[in-house]
Structure formats: structure tokens, C-alpha cells
Student: 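There's a structure below that I have some questions on.
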Amino acid sequence: LERSAADEAAADPAKCDDGAPKLDCAARAAHQLEENLKEKSPVEQIYGVYSYFNAVKWKEHGPGCTEDCWATRLQFIERRYGDCGDHALAEYFTLKRLGFKVRDLQLIVAQLPGYEDSFKGGHVVLRVAAAGKYYILDNRRTDVTGLKGLDTYKILAGLNGDSVQIYNLVAPKRPAGLVANETNVA
């Protein structure tokens with residue numbers, strides 16, 4: 001949150017001149033996206049944000065990555081690549097700037113199928129609540145899904161600017177009550 005706020009405060013879209021400085025140009029692109037979507041319905045905004053950021057190339061962070069390695073929204077736009085966490089955070093902050101409430105946005109930390117260790121095969125998606133439904137924005141997919149998009153993942157945690165929910169990290173299968181469906185969010 002702090003790094004994202006600092007980037008947003010430091011960047012000046014008006015100073016972008018033919019692609020430089022890059023952070024200012026990233027801010028211009030982000031503000032243009034917001035401007036294009038601000039009059040749309042919340043569901044149209046979700047699809048627009050997903051489409052924009054899902055077009056950004058996926059690339060794993062290098063071996064020197066530390067706990068502070070997820071890019072801010074503007075760094076992600078500037079670099080034009082990033083991992084699943086970068087995608088989900090950029091979507092989160094853009095939807096928040098479009099007026100979505102923090103309670104309606106949740107980063108879902110999951111484990112990909114085929115991994116036994118809860119700390120390997122990690123993946124992050126964004127769950128968004130709008131118009132009485134849940135939408136899953138997952139950069140491993142080519143479409144927005146409902147909660148069914150989480151069915152193949154082991155859900156480890158959910159977090160946003162207000163809360164963190166940790167789920168059972170060692171259970172071989174999802175505990176009862178943690179099954180995501182249209183009325184019960186994992």
C-alpha cells in the first residue's frame with residue numbers, strides 16, 4: 001500500500017514525453033484506462049481492467065526476489081511484464097481507484113494443482129464482488145470466471161487492505177465450510 005501510494009504521488013502523467021520518463025508514462029496509461037472505464041458499469045469495469053492487465057506478459061521474478069518483489073501498479077505498467085501477484089495487485093488498485101470498496105476486493109493466495117507443499121506452486125488471483133456476484137480475475141486464464149474458477153486451486157489465504165484470512169495450510173483437502181460457491185466464499 002505504501003509503495004503504491006508513493007509511486008502514484010511521485011508520477012506526473014503530464015511529464016510523459018514520447019515514452020519517458022517511464023513512471024510518468026505508466027501513470028498516464030493508468031489514468032487513461034480509468035478515464036475510459038469510469039462511466040461504465042461495475043461489471044464492465046471488471047472486464048475492462050482484466051482485459052487490459054491480462055494483456056501484460058507473465059514473467060516470473062528472478063532468484064533475487066525478496067518479500068518486497070511484487071510490483072506496484074505503475075511499475076507493472078512501466079515494465080510490461082510481471083507475475084500473478086503483479087497482475088492481481090494492478091487490478092486491485094485500479095478497481096479501487098474506480099470506486100470499488102476494499103471489502104469487495106480480495107487477493108486470493110492459492111496453491112496450483114500438483115504441488116504438495118503449500119509454499120510451492122503459489123498463485124494469486126483477484127476476487128471481486130459486484131452486482132450480486134463474484135468475479136475471479138486470474139492471469140492464467142483468458143476469461144473472467146465466477147467462483148468456479150477457484151475449483152482447481154487449494155485456497156490458502158485471502159487478503160485486502162482491511163483484513164487477512166488464513167486457511168488451513170496443511171490439510172490434504174479443503175476443510176468442510178471452505179468450499180467456494182455462489183453463496184459461500186472461501
Side-chain angles (χ1 to χ4, degrees), residues 1-8 11 22-23 25-34 36-37 40 42-100 102 104-113 115 119-130 134-161 164-165 180 185-186:
L1 291 171
E2 291 171 5
R3 288 187 310 116
S4 184
D7 270 5
E8 297 285 346
K22 289 186 176 188
L23 195 64
C25 294
R28 178 188 281 177
H31 293 176
Q32 185 62 53
L33 172 64
E34 293 164 15
N36 292 344
L37 295 175
K40 305 277 186 188
V43 172
E44 290 172 315
Q45 289 175 339
I46 291 167
Y47 278 86
V49 166
Y50 178 75
S51 177
Y52 181 87
F53 288 110
N54 215 38
V56 176
K57 180 181 175 184
W58 179 87
K59 182 178 176 186
E60 185 75 47
H61 290 289
C65 181
T66 66
E67 71 277 354
D68 210 25
C69 170
W70 281 355
T72 67
R73 172 176 92 126
L74 296 185
Q75 289 170 337
F76 182 57
I77 294 170
E78 174 187 351
R79 293 176 187 160
R80 299 302 300 160
Y81 70 83
D83 69 6
C84 58
D86 300 328
H87 279 87
L89 280 171
E91 294 161 346
Y92 176 97
F93 282 108
T94 302
L95 289 169
K96 187 174 173 215
R97 288 177 57 94
L98 285 167
F100 281 74
V102 170
D104 294 328
L105 302 169
Q106 187 177 48
L107 297 166
I108 302 290
V109 180
Q111 181 178 332
L112 297 170
Y115 291 87
F119 297 100
K120 293 184 181 174
H123 185 49
V124 180
V125 302
L126 181 65
R127 189 205 71 196
V128 184
Y134 290 105
Y135 299 86
I136 302 300
L137 285 63
D138 183 346
N139 75 304
R140 292 176 57 88
R141 300 183 60 94
T142 58
D143 59 338
V144 174
T145 68
L147 292 176
K148 287 279 187 198
L150 298 175
D151 282 354
T152 61
Y153 302 139
K154 177 181 176 184
I155 306 304
L156 305 177
L159 59 138
N160 62 24
V164 176
Q165 298 168 332
V185 179

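Quick caveat, the model's predicted, so the values are computed rather than measured.
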Student: For Leu33 and Ile77, run side chain to side chain contact (heavy atoms under 4.5 Å, CB included): C-alpha distance rounded to whole Å, both residues' side-chain angles, the deciding distance at 0.1 Å, then the answer.
Tutor: CA-CA 11 Å; Leu33 172 64; Ile77 294 170; over 6 Å; no

Student: Go through the structure and list residues passing side-chain contact (heavy atoms from CB on, under 4.5 Å) with Asn36, not counting sequence neighbours.
Tutor: Gln32

Student: Rounded to the nearest 0.5 Å, how far does CG of Asn160 lie from NZ of Lys96?
Tutor: 9.5 Å

Student: Check whether Gln45 reaches the backbone of Leu37 with its side chain - one donor and one acceptor, N or O, closer than 3.5 Å.
Tutor: yes

Student: A side-chain contact here means heavy atoms from C-beta on lying under 4.5 Å apart; do Phe93 and Leu1 qualify?
Tutor: yes

Student: Restricting to side-chain contact (heavy atoms from CB on, under 4.5 Å), what partner residues turn up for Ile136, sequence neighbours left out?
Tutor: Val125, Arg127, Asp138, Thr145, Leu147, Leu150

Student: For a side chain to side chain contact (heavy atoms under 4.5 Å, CB included) check, start with the C-alpha distance between Leu126 and Leu95, then their side-chain angles and the critical distance, and finish with the verdict.
Tutor: CA-CA 11 Å; Leu126 181 65; Leu95 289 169; 4.0 Å; yes

Student: Which heavy atom of Leu23 sits nearest a heavy atom of Glu78, and at what distance?
Tutor: CD1-OE1, 3.5 Å

Student: Please report the closest heavy-atom contact between Phe100 and Pro42, naming both atoms and the distance.
Tutor: CZ-O, 3.5 Å

Student: Once rounded to the nearest 0.5 Å, what's the spacing between atom OH of Tyr52 and atom OG1 of Thr94?
Tutor: 8.5 Å

Student: With sequence neighbours excluded, what pairs up with Asp83 under the side chain to side chain donor-acceptor pair (under 3.5 Å) test?
Tutor: His61

Student: Are side-chain heavy atoms of Leu98 and Val49 found at a separation under 4.5 Å?
Tutor: yes

Student: Determine the minimum heavy-atom distance between Gly161 and Tyr92, stating which atoms define it.
Tutor: N-OH, 2.9 Å

Student: Evaluate the side chain to side chain contact (heavy atoms under 4.5 Å, CB included) criterion for residues Phe76 and Leu89: first the C-alpha distance (whole Å), next the side-chain angles of each, then the deciding distance (0.1 Å), finally the verdict.
Tutor: CA-CA 9 Å; Phe76 182 57; Leu89 280 171; over 6 Å; no

Student: Between Tyr153 and Leu112, is a side chain to side chain contact (heavy atoms under 4.5 Å, CB included) present by the stated rule, with each step listed?
Tutor: CA-CA 5 Å; Tyr153 302 139; Leu112 297 170; 3.5 Å; yes

Student: Sequence neighbours left out, what passes side chain to side chain donor-acceptor pair (under 3.5 Å) with Arg97? Give chain and number order.
Tutor: His31, Glu34

Student: Report yes or no: does His87 contribute a side-chain atom to a donor-acceptor pair with the main-chain N or O of Arg140 at less than 3.5 Å?
Tutor: no

Student: Okay, side chain of Tyr135, backbone of Tyr47: is any donor-acceptor separation there less than 3.5 Å?
Tutor: no

Student: How long is the gap from SG on Cys25 to CG on Leu74, to the nearest 0.5 Å?
Tutor: 11.0 Å

Student: Run the side chain to side chain donor-acceptor pair (under 3.5 Å) test against Ser4 and tell me which residues pass, sequence neighbours left out.
Tutor: none

Student: Please enumerate all residues that pass side-chain contact (heavy atoms from CB on, under 4.5 Å) together with Gln75, with sequence neighbours excluded.
Tutor: Arg3, Asp7, Ala71, Thr72, Arg79

Student: So which heavy atom on Arg73 is nearest to which on Ala90, and how close?
Tutor: CD-O, 3.9 Å

Student: Restricting to side chain to side chain donor-acceptor pair (under 3.5 Å), what partner residues turn up for Tyr50, sequence neighbours left out?
Tutor: Asn54

Student: Of all residues at least two apart in sequence or in a different chain, which pass the side-chain contact (heavy atoms from CB on, under 4.5 Å) check with Cys84?
Tutor: His123, Val124, Asn139

